[in-house]
Number of protein chains: 4
Amino acid sequence: MKPPVILINYKAYENSYGKKSIEITKKIEKVSKEYGTEIIVSVPATMIHRISEESELTVFAQHVDSGEQGARTGAILPEMIKDAGARGSLLNHSERRIRLDEMAESLERIRVLNLESVVCVDRYELVLPVALLRPNAVLIEPPELIGTGIPVSKAKPEAITKAVEEIKKTKDVYLLAGAGITTGEDVFKAIELGADGIGAASAVMKAKEPEKVVEDFVKNAIKAMEKRGE
Amino acid sequence: MKPPVILINYKAYENSYGKKSIEITKKIEKVSKEYGTEIIVSVPATMIHRISEESELTVFAQHVDSGEQGARTGAILPEMIKDAGARGSLLNHSERRIRLDEMAESLERIRVLNLESVVCVDRYELVLPVALLRPNAVLIEPPELIGTGIPVSKAKPEAITKAVEEIKKTKDVYLLAGAGITTGEDVFKAIELGADGIGAASAVMKAKEPEKVVEDFVKNAIKAMEKRGE
Amino acid sequence: MKPPVILINYKAYENSYGKKSIEITKKIEKVSKEYGTEIIVSVPATMIHRISEESELTVFAQHVDSGEQGARTGAILPEMIKDAGARGSLLNHSERRIRLDEMAESLERIRVLNLESVVCVDRYELVLPVALLRPNAVLIEPPELIGTGIPVSKAKPEAITKAVEEIKKTKDVYLLAGAGITTGEDVFKAIELGADGIGAASAVMKAKEPEKVVEDFVKNAIKAMEKRGE
Amino acid sequence: MKPPVILINYKAYENSYGKKSIEITKKIEKVSKEYGTEIIVSVPATMIHRISEESELTVFAQHVDSGEQGARTGAILPEMIKDAGARGSLLNHSERRIRLDEMAESLERIRVLNLESVVCVDRYELVLPVALLRPNAVLIEPPELIGTGIPVSKAKPEAITKAVEEIKKTKDVYLLAGAGITTGEDVFKAIELGADGIGAASAVMKAKEPEKVVEDFVKNAIKAMEKRGE
């Protein structure tokens with residue numbers, strides 16, 4: 001994972017799985033290749049293997065359970081997603097919050113397995129506490145803006161700037177911004193405010209032409225990184 | 001699903017996913033074909049598609065989440081497992097209990113999608129309440145015997161006979177017995193006591209020769225059904 | 001508990017605890033005494049003892065945890081609420097759903113302790129499954145109407161009539177109706193449709209004169225019972 | 001709260017509530033007065049008011065729910081425990097883990113209400129992340145030692161020393177040690193290792209003479225503080 005990080009969370013829409021999700025993936029992959037930029041797609045557990053097989057994008061799970069292998073019916077473990085082709089996992093999304101002890105345990109296991117992790121938080125005060133647990137990135141998403149189309153970078157820029165200040169107190173953890181990210185302009189602004197990348201979901205998954213949205217994201221992400229001189 | 005129902009729950013052992021799980025699956029499939037008997041394998045979400053592609057066994061999920069498609073990061077929905085090739089799902093295993101409202105909602109959705117369902121309960125008093133929600137089968141498993149190798153059919157036969165009485169108060173719902181089922185004899189006994197089949201996990205997943213264990217299950221299941229005149 | 005059952009759920013409003021809740025309780029108690037009718041108040045755990053000491057109303061908890069006494073930090077057990085003066089507990093309210101195994105376990109413990117229980121469900125299909133676990137009453141509340149002021153008895157009368165049909169399949173379990181119950185007329189209608197009583201919360205807790213609302217409930221409940229010839 | 005902090009968690013034993021818990025409280029209160037030392041008792045929600053009324057000990061809840069007042073059946077809110085007489089609450093005990101977002105929210109609310117907080121963690125890596133959320137104290141308890149009588153201060157002293165190092169990176173947050181604390185010697189050792197106090201449960205609640213155990217704790221806590229020159 002390196003900036004600009006573009007993470008597309010497929011969630012559980014009707015096009016998040018099956019053939020439709022593979023079509024979307026192929027279109028996103030094309031953008032990734034054209035611009036030479038890594039794009040992370042966070043997909044349903046049932047789709048990790050298929051999407052990993054059919055594309056070269058970086059595939060993430062949307063959640064992993066903590067705890068050991070064993071008699072654990074229904075558990076989705078880091079070992080399983082790795083075997084299926086995932087390179088990492090989202091954790092603690094506002095739609096799937098976890099306990100602090102589970103987070104610590106899962107992050108440790110993820111690290112041991114050489115997987116990557118992006119942990120979501122809803123407020124800047126949680127950025128440093130979570131960063132100390134050494135995920136690859138913390139994704140700040142004010143939940144009230146998720147899915148609204150009102151970008152955090154415009155509606156609540158201080159959420160990003162304060163989060164950026166917090167992340168600087170640690171090392172080697174990226175800060176991503178999410179919630180309402182809809183256009184390339186939103187991405188540009190988020191990175192300009194100091195974020196190392198963005199997370200998005202509905203803006204892509206509900207788009208008529210998802211590849212256009214992602215292309216707009218990528219172009220602006222690159223432009224913003226250049227402006228920052230990175 | 002029709003009696004004798006043989007359900008193997010892969011759980012989350014180190015051979016429950018990846019190549020090893022496919023090898024086990026192939027061996028179980030061979031038994032299924034040889035005896036012309038359906039065997040259900042309940043596999044991790046990440047493995048549903050691969051195992052469905054590579055075998056003709058009936059594949060089940062180990063759990064599905066309730067609720068609609070949409071902005072639901074981390075959810076594993078009935079729609080997703082169906083798309084991946086599953087023909088049904090376990091629900092409410094003692095290692096993954098769910099709320100009653102979630103159970104009702106998931107079972108309805110599973111039915112609408114023409115999937116099958118096996119709901120686990122820990123005591124006979126819950127057999128009829130759950131059966132009224134119309135799963136395909138109720139699997140009674142006294143949790144204190146799970147994984148012990150001490151078969152419910154020997155250690156607690158009354159759990160089965162009382163459950164059988166309960167299931168008779170409804171129609172079209174099978175009664176399976178589980179917990180500690182280790183040998184063909186345990187299977188024979190369970191069916192003799194009135195069960196329509198069995199659920200097993202560690203006896204198969206931890207066996208050196210899983211196919212031998214399953215074959216022993218199947219032979220005895222058939223024999224017991226014949227004795228019952230079915 | 002005997003019909004007409006009037007259950008007021010205090011929930012967690014700013015007047016649900018402390019002096020304000022005792023004032024409301026005193027006013028409700030006056031109505032109860034004047035009409036010779038039992039009224040159940042379901043109060044926060046911290047208030048059970050005080051309200052039990054200061055009034056003769058029947059006090060219920062809003063929830064109890066399942067499981068044994070012991071090393072269980074934070075648990076609120078049936079034994080504790082009984083000791084504090086409660087005569088029973090609500091269970092499985094839509095704001096505090098529980099797992100089926102927990103429900104079965106708590107109801108058994110509640111019975112052993114000679115406490116009473118009212119279990120909430122959100123749809124008529126769950127009335128019989130829950131009634132089979134032998135609570136004193138099942139309270140049907142379509143969640144979409146809770147707190148709206150749109151009474152279930154008007155907006156969704158079939159939820160009540162179907163629930164009444166279901167409850168008749170068992171014995172000794174009452175059927176209560178709730179969600180949006182605001183006026184005496186709503187109470188009358190619910191009982192006329194076959195309910196043995198009602199549950200209400202915001203209509204009382206947010207009223208300027210809670211005692212007037214409760215009096216209206218009680219008068220109409222009595223009238224409806226008389227009409228039914230009970 | 002000031003060192004040495006002695007926190008007795010009543011949990012949910014059969015003497016944790018009712019008359020027996022008041023008797024124990026009275027005995028502990030006597031020790032507290034004799035030695036002029038604050039002792040915190042963390043009691044079941046149903047007992048907060050009674051124990052607050054009948055003793056001068058500092059009373060804590062064992063858990064509070066996060067979130068606003070309102071339509072929240074079954075919630076135990078900081079506002080409620082304060083009204084009942086509590087001066088603070090335990091949070092995130094290994095028997096009652098909470099999500100990180102709930103922890104942040106509850107701690108903020110607790111602070112606004114001028115209540116105190118002690119947050120439990122199971123490993124030293126979580127000490128600083130939790131301390132950054134500004135509780136009054138972090139209580140480190142290796143879960144495998146809880147209730148064993150094998151004191152953390154002997155069996156796993158490095159858990160305490162590492163935790164002490166972590167807590168020094170922040171300000172104004174105390175570090176308590178718990179799990180297996182049984183004798184005054186264990187308390188002495190924990191404080192000698194740098195802890196600001198201890199948490200205990202079974203050693204007191206299961207003792208024939210709880211007051212003797214607590215007196216032993218207090219004497220040794222005072223002696224250890226003197227040795228540290230505080």
Side-chain angles (χ1 to χ4, degrees), chain A residues 9-22 42-53 61-65 67-77 79-86 89-98 120 141 146-148 199 201-202 205-206, chain B residues 9-22 42-53 61-65 67-77 79-86 89-98 120 141 146-148 199 201-202 205-206:
Chain A
N9 181 4
Y10 281 25
K11 297 196 174 180
Y13 298 108
E14 54 91 33
N15 59 350
S16 302
Y17 60 92
K19 274 186 203 171
K20 287 182 189 170
S21 74
I22 290 173
S42 180
V43 309
T46 54
M47 291 303 300
I48 294 171
H49 188 256
R50 287 158 82 182
I51 291 185
S52 299
E53 292 283 295
Q62 294 178 7
H63 166 78
V64 286
D65 291 304
E68 305 284 315
Q69 299 182 78
R72 313 240 347 259
T73 302
I76 299 183
L77 302 178
E79 290 85 349
M80 292 175 179
I81 64 158
K82 181 176 182 175
D83 174 80
S89 185
L90 263 188
L91 271 184
N92 200 44
H93 190 277
S94 70
E95 293 150 15
R96 192 74 153 92
R97 292 283 187 227
I98 56 175
C120 305
E141 295 197 304
I146 293 178
T148 58
S202 60
M205 301 311 287
K206 292 183 169 175
Chain B
N9 181 5
Y10 281 25
K11 297 196 175 181
Y13 297 109
E14 52 94 33
N15 58 352
S16 301
Y17 60 92
K19 275 185 200 169
K20 288 181 185 170
S21 75
I22 290 174
S42 181
V43 308
T46 55
M47 291 302 301
I48 294 171
H49 188 257
R50 286 156 84 181
I51 292 184
S52 299
E53 291 283 295
Q62 294 178 5
H63 166 77
V64 286
D65 292 302
E68 303 285 315
Q69 299 181 81
R72 312 243 347 261
T73 302
I76 299 183
L77 302 178
E79 289 85 347
M80 292 176 181
I81 64 158
K82 180 173 184 178
D83 173 81
S89 186
L90 266 187
L91 270 184
N92 199 45
H93 190 277
S94 70
E95 293 151 14
R96 192 72 154 97
R97 293 283 188 230
I98 56 175
C120 305
E141 295 197 304
I146 293 178
T148 58
S202 58
M205 300 310 287
K206 293 182 168 177

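Note that these values count all heavy atoms, side chains included, but never hydrogens, waters or copies made by symmetry. Proteins get letters first, then strands, A, B, ... in listed order; numbering begins at 1 in each.
The greatest number of non-hydrogen atom pairs below 4.5 Å with chain B, out of A:Ser89, A:Ala61, A:Ala75, A:Ala71, is found for A:Ala71. Of the listed residues (A:Ala12, A:Ala86, A:Ala84, A:Gly85), the one with the most heavy-atom contacts under 4.5 Å to chain B is A:Ala12. Note: A:Gly70 leads A:Gly70, A:Ala45, A:Gly74, A:Gly18 in heavy-atom pairs under 4.5 Å with chain B. Comparing A:His63, A:Glu53, A:Lys11 by how many heavy-atom pairs each has under 4.5 Å with chain B, the most go to A:Lys11.
Taking B:Ser21 as the reference, B:Tyr10, B:Met47, B:Ile51 meet the side chain to side chain contact (heavy atoms under 4.5 Å, CB included) condition, with sequence neighbours excluded. Checked against salt bridge (charged side-chain N to carboxylate O under 4.0 Å, His left out), A:Asp65 has no partners two or more places apart in sequence or in another chain. Partners of A:Glu14 by side chain to side chain contact (heavy atoms under 4.5 Å, CB included), not counting sequence neighbours, listed by chain and number: A:Lys20, B:Gln69.
Residue B:Ile48 holds its CD1 atom at 11.0 Å from CZ of A:Arg50, rounded to the nearest 0.5 Å. Taking CG from A:Leu90 and OG1 from B:Thr73, the interatomic distance works out to 7.0 Å, rounded to the nearest 0.5 Å.
Interface residues of residues 91-98 of chain B toward chain A, defined by a heavy-atom distance below 4.5 Å and sorted by number: B:His93, B:Glu95, B:Arg96.
Interface remark: B:Ala201 contributes no atoms to any contact with chain A (heavy atom separation under 4.5 Å). With a 4.5 Å cut-off on non-hydrogen atoms, B:Arg72 touches chain A through its backbone and its side chain both. Using a 4.5 Å cut-off between heavy atoms, B:Thr46 contacts chain A through both its backbone and its side chain.
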